[in-house]
J.: 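Take a look at the following structure, please.
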Amino acid sequence: MTSSSGASRRQVLAVAAAAATAPLIAGAPARAAESSKGPKTWDLTVLGTSDTHGNVYNWDYYKDAEYDDSKHNDVGVAKLATLVNQIRAERKGKATLVLDAGDTIQGTPLATYYAKQEPITTTGETHPMANAMNVLKYDAVTLGNHEFNYGLPLLAKWIGQLGFPALAANAINEATGKPAFLPYVIKKVRLGSGYDSPTIKVGILGLTNPGVAIWDKGNVEGKLIFADMIATAAKWVPVMRDRGADLVIISAHGGDSGTSSYGPELPNENPVALIAQQVPGIDAILFGHAHNEVVEKFVTNTATGAQVLTAEPSKWGQRLTRMDFSVRKVKGRWTVVSKSATMLNTNTVVEDPAVLAAVRGQHTKTVDYVNKVVAQSSVELSAAESRYKDTPILDFINHVQTEVVGKALAGTAYAGLPVLSIAAPFSRTAVFPQGDVRIRDVAGLYVFDNTLEAVVLTGAEVKAYLEYSAKYFVTVAVGATVDPATISDPLVPDYNYDVISGVDYDIDISKPVGQRITRLVLPGTDTPVAADAQFVIAVNNYRRSGGGNFPGIVKTQVYNQQQEIRQLLIDWAQAKGVIDPADFFVPNWKLVREGVPVF
């Protein structure tokens, strides 16, 4: 069993600085084989979750039904809790720790409701993810980049509601130069059930993602600096070892690809393998952010030759990582004899009733909210083809964004400029049914908590932007069969493909990347867009801040009223009462090969 701490931040800091005073974890001897030639071997299990993204119940709020996908995955902390409790019961009396690698309080209407509709900063209510995770009794959580989406006051409130520490060693207070959050903890773990059984000190270092500086610039600029994850690990791992850590585990919110979705101006977004290679003294890394399922991967440290165990447990509570360590004390020092990792699937268990009970009222309130009818749709509108065809449902987003920005700029120096709008096909499954359109339908179309901004681009910059976006498509030669299922580059996510309304253009997918915008004209004409023409561009804050590394868009805003795009869509639908494509659908782009439409 693990010890849970309701300690204040000051108390938790004391744990990190003076590990000897940390609470013990009760346990029974791991009945490992005892060598007649050497000391006894004991074992420790570390369970890991990541990227739960506001999922507690196994529920799809957008479909108002139990969650299911093509692989029959389940989601939610309630499912994770059942697996964790089963392992704790199986290991009764043996040392078990539970960690999370971040992205916790954003991602579902449940999480959004308690950040936007009834924010915990206003009501004082405990956040549903705090309620759920406190029942599960984590030992530590790392802050993910999405923890910063709703601002630092809400983040601080949530952290204060947790019964365990929240870690982020590389988030630095800009004013003081010191860590803004707890960098690490050292837990003193008893390996056996008797009080005469030995203890081991486990150091847990948390690393958040440097991309926060771009993705949530509006919330953190001038307040926090996000240091390189590799350099931060190199700084703190020796400190943890000096302060008595026998075993060092990093909980990192970054993938292991070694690449970034942004440019080189920020530290690496996905450096986990590099951390393992370059920083001595690490036994294992639990990581997240990339939403991949990495069961067990060993990385060789170049300085020591040690094998560092790494694992990533997918997303949304679909998987639970289990790391098992065998340790032996030799000449007064603990040595890791062996380590391994396995992955458990949450679709094999039922939901934990205690977690469900802790969040039931909040879940019910969220379900009621997202089922409110906001408008009537004259026809069914689907996003299924929005990646490769101009569709009314994506034009709905662009129409609302254009209208809001145009009205806001009336009477200003920018009032005479055409307003273009940018939107991405976030969802392949979003549908506005004919008839009642509910909040959950709109939320299912626009799944991110982005706000609306606007900047000015030239015609040349618009073309460069479209060329960059068009790299989303694979090259398909004239005459070759075009399959919508394989038309996109698997390395470019759907949310990093943008379409623009307000100009007409063709994307030639038979041509090389960078030479694909073969037609770019003023709407309804054959007049080419002049390189020096000026346009106001309505765009979300993620993209305008540099998310996706699109060219030319990181500029001073000419509009930024901090209005959430999802809510603007809901407000427009409620005000009109009817969603009719005739009011907003203007086909203005298409895929071609040598001028011949693909679809």
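All values below were derived from every heavy atom in this structure, side-chain atoms included, with hydrogens, water molecules and symmetry-related copies excluded.
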J.: So, N219 side chain and D216 main chain: donor-acceptor pair closer than 3.5 Å or not?
T.: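 Side chain of N219 to backbone of D216, a donor-acceptor pair under 3.5 Å: no, none is there.
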J.: Does some side-chain heavy atom of S261 sit less than 4.5 Å from a side-chain heavy atom of N549?
T.: no
J.: Can you tell me how far apart CZ (R88) and NZ (K137) are? Round to the nearest 0.5 Å.
T.: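 Rounded to the nearest 0.5 Å, the CZ-NZ separation comes out at 7.5 Å.
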J.: Walk me through whether I393 and S386 qualify under side-chain contact (heavy atoms from CB on, under 4.5 Å).
T.: CA-CA 8 Å; I393 200 166; S386 293; 3.7 Å; yes
J.: With heavy-atom distances below 4.5 Å as the criterion, would you say the side chains of D256 and K297 are in contact?
T.: yes
J.: Between W158 and Y150 (judged by ring centroids, cut-off 6.0 Å), do the two rings come close enough to count as a pair?
T.: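 Ring centroids of W158 and Y150 are no less than 6.0 Å from each other.
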J.: Can we call the ring centroids of F473 and Y497 under 6.0 Å apart?
T.: yes
J.: Check whether any side-chain heavy atom of L286 lies under 4.5 Å from a side-chain heavy atom of P313, and answer yes or no.
T.: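 Contact flag for L286/P313 side chains = yes.
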J.: Among F226, Y495, Y262, which residue meets the ring pair (Phe, Tyr, Trp, His ring centres under 6.0 Å) test with W215?
T.: Y262
J.: Compare all side-chain heavy atoms of W589 with those of D504 and state whether any distance is below 4.5 angstrom.
T.: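 Not in contact.
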J.: Contact between Y472 and R387 at the side-chain level, heavy atoms closer than 4.5 Å - yes or no?
T.: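 Heavy-atom side-chain distance check passes, below 4.5 Å.
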J.: So, K79 and E66, do they make that salt bridge, N to O below 4.0 Å?
T.: no
J.: Is the F396 to F432 ring centre distance short of 6.0 Å?
T.: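 Close enough - the centres of the two rings lie under 6.0 Å apart.
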J.: Are the side chains of K511 and I509 in contact, using a 4.5 Å heavy-atom criterion?
T.: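 No, every pair of side-chain atoms sits at 4.5 Å or beyond.
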J.: Decide if the gap between the ring center of H146 and the ring center of H289 is smaller than 6.0 angstrom.
T.: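 For H146 and H289, the ring centres are not under 6.0 Å apart.
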J.: Would you say the side chain of Y62 lies within less than 4.5 Å of the side chain of P109, judging by non-hydrogen atoms?
T.: yes
J.: Any side-chain heavy-atom pair from M133 and D100 closer than 4.5 angstrom?
T.: yes
J.: Any chance you could measure I250, atom CD1, to T310, atom OG1, to the nearest 0.5 Å?
T.: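 Between atom CD1 of I250 and atom OG1 of T310 there are 11.5 Å.
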J.: Cationic tip of K471 within the cone over Y468's six-membered ring, i.e. under 6.0 Å and within 45° of the normal?
T.: yes
J.: So, T402 side chain and L420 main chain: donor-acceptor pair closer than 3.5 Å or not?
T.: no
J.: Any chance the side chains of N450 and R543 put a donor and an acceptor closer than 3.5 Å?
T.: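 There is no such pair between these side chains.
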J.: Would you kindly check if the NZ (Lys) or CZ (Arg) of R566 is within the cone defined by 45 degrees around the ring axis of F448 and under 6.0 Å from the six-membered ring centre?
T.: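 No.
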J.: Picking from Y113, Y369, Y61, what satisfies ring pair (Phe, Tyr, Trp, His ring centres under 6.0 Å) with H363?
T.: Y61
J.: For A81 versus D352, what's the shortest heavy-atom pair and its separation?
T.: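 Closest heavy-atom pair between A81 and D352: CB-CB, 3.7 Å.
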J.: Can you tell whether the side chains of K365 and E118 come within less than 4.0 Å, N to carboxylate O?
T.: yes
J.: Do T475 and R516 pair up side chain to side chain, a donor and an acceptor below 3.5 Å, judged on atom types alone?
T.: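 Yes, because at least one side-chain N or O of T475 sits under 3.5 Å from a partner of the opposite role on R516.
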